[in-house]
Amino acid sequence: MKNIVIVGGGAGGLELATFLGHKLGKKQKANVVLVDRNQTHLWKPLLHEVATGVLDSETDAVSFRAHAFNHHFHFEQGAIARIDRANKYIELAPVYGTEGDVIVVARRIPYDYLVLSIGSKSNDFHTKGVAENCIFLDSPNQALRFQHKMLELFLKFSENNALSEIGEDESKQTLVQEDKVNIAIVGGGATGVELSAELFNAAKHLSSYGYGKIRSDCLQVTLIEAGSRLLPALPERISDSVRMELADLGVNVRTDTMITEATPNSLLTKDGGEIKADLMVWAAGVRVSTVTQQFDGLEVNRINQLCVKDTLQTTLDDSVFAIGDCAFLLQKDGTPVPPRGQAATQMATVCGQNIVALFEGKTTLKAFEFRDKGSLVSLSKFTALGNITTGKKSSLTVEGNLARLAYISLYRLHQQRLHGCFKVGLIILIGRLNRFIRPSLKLY
């Protein structure tokens, strides 16, 4: 029986493993294996909600092992270290425990067809001090680290306020600027914009959970973008509307501002300015891990993406596919397929169809064509904006409740592809019940 190995359990990788598990694994036509360094999957666009505590990652995460059991594929935990294309195997790095001991040794997994779906991460452009002083939001663990630091800042703020009210020495107050919680976010894309709004929603709820009187003016959020406007993937009118909505919330939006260095409590700008902050997030740029340079000579571009043909097979090896953010494919208009969630899921669909076609002995494979269905951005519970593509050259601008519904439906469609309609219906029902059982924010 042939082996199909999928590396990366993001949206595209997990949807592909689920599809091939039902199409080939269930019928014993192939052994489908999913590899990921983590034990659970969480939809990446939700990480800003995990970071503010609005979403409990332990509730919404999908266990790879349980999902594999239910959908006829196998799961191997580990990080890919290299590929041997001649002997057709991948090598996984050892898995270490919490005490630093080796739990699982390095091992090799053979493949007949290999799909690389390792995603991307934020690009700090080698900016001095960013890796040491800023938090990235590329994984649930990073999002949880941000949440813990945010809660500590608000607790410190509330305690300082309490001391002031009873006449204690105000010199004990240690926040950076004017006794506010100061958070700086670098990157005016969807992550930066959504996190900015979500922070004000979190501050509103924290005042109900023993954090004192926290008003919107107690929080100073600075959103920094090197380009001329926020959300460059969206039409300028929507970008302008988002900026106004953020300004109304209290976000200090700074465009045309390039960061040259990050220090423990500030960001230095190219024009010589300084932005003070207690907590700094880097959500700018996209790049793929340098591990792709260990993939036995497969062609990569300058940000380490794997170059693929329109069939999603890599340019130098037809038995190796790449999908999602780690894949570089030029469209007919000469622009690359954007590193977005909808592209990853569309690639997963075509890749799955092509692998099934190969098993059926077909020689002609389907060419991938990205269909942009629009872009949506959610400003927490306040509003949502975006555009929905209605034709090849036309789109519909939406905002408010309609946009919010469309935004939520994207996640529900992802869940439907993983679990089916019936189970998603139960998930929605349980989610509504949890509104009455659980607090509005995760506070630990």
Side-chain angles (χ1 to χ4, degrees), residues 37 44 47-48 50-52 79 118-157 173-199 202 219-232 246 251-293 302-305 325 339:
R37 65 172 70 240
K44 194 172 181 179
L47 287 178
H48 70 282
V50 176
T52 55
I118 59 175
S120 65
K121 55 186 178 180
S122 300
N123 190 349
D124 63 9
F125 305 101
H126 305 291
T127 305
K128 183 179 179 182
V130 168
E132 298 80 9
N133 299 306
C134 295
I135 295 178
F136 299 89
L137 290 185
D138 297 319
S139 70
N141 286 338
Q142 291 172 333
L144 288 172
R145 182 183 169 213
F146 174 91
Q147 189 222 1
H148 294 156
K149 286 184 172 289
M150 179 195 75
L151 291 176
E152 289 172 0
L153 285 174
F154 276 110
L155 180 60
K156 184 187 295 184
F157 172 82
Q173 301 182 20
T174 56
L175 292 184
V176 171
Q177 179 185 350
E178 299 178 359
D179 301 328
K180 292 185 176 183
V181 174
N182 289 270
I183 300 176
I185 303 167
V186 182
T191 299
V193 165
E194 292 178 335
L195 178 61
S196 297
E198 203 66 69
L199 284 167
L219 174 64
Q220 176 61 66
V221 177
T222 304
L223 179 60
I224 305 151
E225 167 58 37
S228 59
R229 65 184 181 94
L230 303 177
L231 302 169
L246 292 177
V251 179
N252 176 23
V253 180
R254 297 185 54 168
T255 52
D256 295 308
T257 303
M258 182 174 291
I259 302 301
T260 57
E261 183 179 350
T263 70
N265 290 113
S266 67
L267 296 165
L268 306 183
T269 64
K270 187 177 181 180
D271 59 8
E274 183 179 21
I275 300 170
K276 297 285 189 177
D278 304 294
L279 182 56
M280 297 175 290
V281 178
W282 191 276
V286 172
R287 69 178 177 88
V288 178
S289 170
T290 55
V291 73
T292 57
Q293 297 174 12
R302 61 180 180 80
I303 59 171
N304 303 316
Q305 289 177 305
D325 291 2

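Heavy-atom basis, side chains included; hydrogens, waters and symmetry copies ignored. All values derive from a computational prediction rather than experimental measurement.
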Chemist: For R229 and L231, which heavy atoms make the closest approach, and how far apart are they?
Modeler: NH1-O, 3.4 Å
Chemist: With no hydrogens and no angle check, is any side-chain donor or acceptor of T292 less than 3.5 Å from a backbone partner on V288?
Modeler: no
Chemist: Where the side chain of D278 meets the backbone of N182, is there a donor-acceptor pair that is under 3.5 Å apart?
Modeler: yes
Chemist: How many angstroms lie between CE in M150 and CG in L153, if you round to the nearest 0.5 Å?
Modeler: 9.0 Å
Chemist: Got a sec, which residues hit side-chain contact (heavy atoms from CB on, under 4.5 Å) with N252, two or more places apart in sequence or on another chain?
Modeler: Q220, T222, R254
Chemist: Would you say the side chain of V281 lies within less than 4.5 Å of the side chain of F136, judging by non-hydrogen atoms?
Modeler: no
Chemist: Evaluate the criterion side chain to side chain contact (heavy atoms under 4.5 Å, CB included) for residue pair L199 and V181; output intermediate values, then yes/no.
Modeler: CA-CA 11 Å; L199 284 167; V181 174; over 6 Å; no
Chemist: Please name all residues satisfying side-chain hydrogen bond (donor to acceptor under 3.5 Å, both in side chains) with T255, sequence neighbours left out, ordered by chain then number.
Modeler: R243
Chemist: Any side-chain heavy-atom pair from Q147 and V50 closer than 4.5 angstrom?
Modeler: no
Chemist: Is there side-chain contact between F146 and L279, with at least one heavy-atom pair below 4.5 Å?
Modeler: yes
Chemist: Are Q293 and N304 packed together at the side-chain level, in the sense that at least one heavy-atom pair is separated by less than 4.5 angstrom?
Modeler: yes
Chemist: Could you pull out every donor-acceptor pair under 3.5 Å between side chains of residues 191-198 and any protein atom, sequence neighbours left out?
Modeler:
residue	atom	partner	partner atom	Å
E194	OE1	Y407	OH	3.3
E194	OE2	S378	N	3.0
E194	OE2	Y407	OH	3.0
S196	OG	G192	O	2.8
E198	OE2	N201	ND2	3.0
E198	OE2	S380	OG	2.7

Chemist: I'd like to check the side-chain hydrogen bond (donor to acceptor under 3.5 Å, both in side chains) partners of Q305; sequence neighbours left out, ordered by chain and number.
Modeler: N301
Chemist: Restricting to non-hydrogen atoms, name the atom on G187 and the atom on E225 that form the minimum distance, rounded to 0.1 Å.
Modeler: C-OE1, 3.8 Å
Chemist: Are V186 and T257 side-chain neighbours, meaning at least one heavy-atom pair lies under 4.5 Å?
Modeler: no
Chemist: Please list, chain by chain and in numerical order, all residues satisfying salt bridge (charged side-chain N to carboxylate O under 4.0 Å, His left out) with E274, sequence neighbours excluded.
Modeler: K276
Chemist: Are any non-hydrogen side-chain atoms of I185 and I224 less than 4.5 angstrom apart?
Modeler: no
Chemist: Side-chain contact test, heavy atoms from C-beta onward, threshold under 4.5 Å: evaluate it for L268 versus I275 and give yes or no.
Modeler: no
Chemist: Could you give all pairs that pass the side chain to side chain donor-acceptor pair (under 3.5 Å) test and reach residues 120-142, with sequence neighbours left out?
Modeler: S120-D325, S122-D138
